[in-house]
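Scroll down for the structure; my scribbles are underneath it.
What you see below is based on every heavy atom in this structure, not just the backbone, and it leaves out hydrogens, waters and symmetry mates. Treat the numbers as computed from the prediction; the structure is a model and nothing was measured.
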Amino acid sequence: MAAAAKTSDWRSPRLARNATGKALSRISRGLYADHYNGLVTKGEPRNNPEVEAVTPADNPTTVDIVDCGDDSDWVKYHADTGKPANDGPGGRRHITARVEKAVDGSWKVTDFAIQDVGTC
């Protein structure tokens, strides 16, 4: 998502390689909205994900991940002027994600939630 956000490319094939279901839909819709509104994102988010749960333990097909991501240096700008979009303050946010094993053996994010700034 961070790479696609640099150009607000909601059709990037990289998205479907790493996400599916609700997660892919949410990411694509967000990037399309940015594209429609003439916004791009500069910088990089900082993440330090940790595994919270693995199911089933003996042959995992689902992994729940938790993070306290920081988007302070990941800012939206107007593509035409280069001016900040003033989309609110960045900061540390509690993030949860579910990653599931697909039929082809790959792992993809299927759902995620990002809380408000200051939640971790």
For residues 42-55, dump all side-chain donor-acceptor pairs below 3.5 Å to protein atoms at least two apart in sequence or in another chain.
from, atom 1, to, atom 2, distance (Å)
E44, OE2, K6, NZ, 2.9
R46, NH1, D73, OD2, 2.3
R46, NH2, D70, OD2, 2.7

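- Atom CZ of residue R14 and atom CD1 of residue I27 lie 12.0 Å apart, to the nearest 0.5 angstrom.
- With N37 contributing its side chain and L39 its backbone, the two residues share no donor-acceptor pair below 3.5 Å.
- Closest of all the heavy-atom pairs between Y77 and G82 is CD2-O, 3.2 Å.
- Using a distance-only test at 3.5 Å, with no hydrogens or angles considered, a donor-acceptor pair links the side chain of S28 to the main chain of L24.
- Using a distance-only test at 3.5 Å, with no hydrogens or angles considered, no donor-acceptor pair links the side chain of T61 to the main chain of K101.
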Before giving the answer on side-chain hydrogen bond (donor to acceptor under 3.5 Å, both in side chains), spell out for T7 and D9 the whole-Å C-alpha distance, their side-chain angles and the decisive distance to 0.1 Å. CA-CA 5 Å; T7 59; D9 183 5; 4.8 Å; no

Tell me, with the steps shown, if V40 and K76 meet side-chain contact (heavy atoms from CB on, under 4.5 Å). CA-CA 6 Å; V40 294; K76 293 185 184 194; over 6 Å; no

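- Counting all heavy atoms, side chain and backbone alike, G90 lies closest to S72 at C-OG, 3.8 Å.
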Check residues 109-120 and write down every donor-acceptor pair under 3.5 Å in which the side-chain atom is one partner and the other belongs to a residue at least two apart or another chain.
from, atom 1, to, atom 2, distance (Å)
T110, OG1, R98, O, 3.4
T110, OG1, E100, OE2, 3.0
D111, OD1, R26, NH1, 3.0
D111, OD1, R26, NH2, 3.3
T119, OG1, H94, N, 2.9
T119, OG1, D116, O, 2.7

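- Atom CG of N86 is surrounded by 12 or fewer heavy atoms from other residues, nucleotides or ligands within 6.0 Å.
- The nearest pair of heavy atoms linking A4 to L15 is CB-CD2, 4.0 Å.
- Relative ring orientation between Y32 and W10 is described as perpendicular, the plane-to-plane angle rising above 60° on a 0-90° scale split at 30° and 60°.
- Taken together through direct or relayed side-chain contacts under 4.5 Å among Ile, Leu, Val, Met, Phe, Trp and Tyr, V66 and V63 form parts of separate hydrophobic clusters.
- Contact between C68 and R92 at its shortest, heavy atoms only, is SG-NH2, 3.1 Å.
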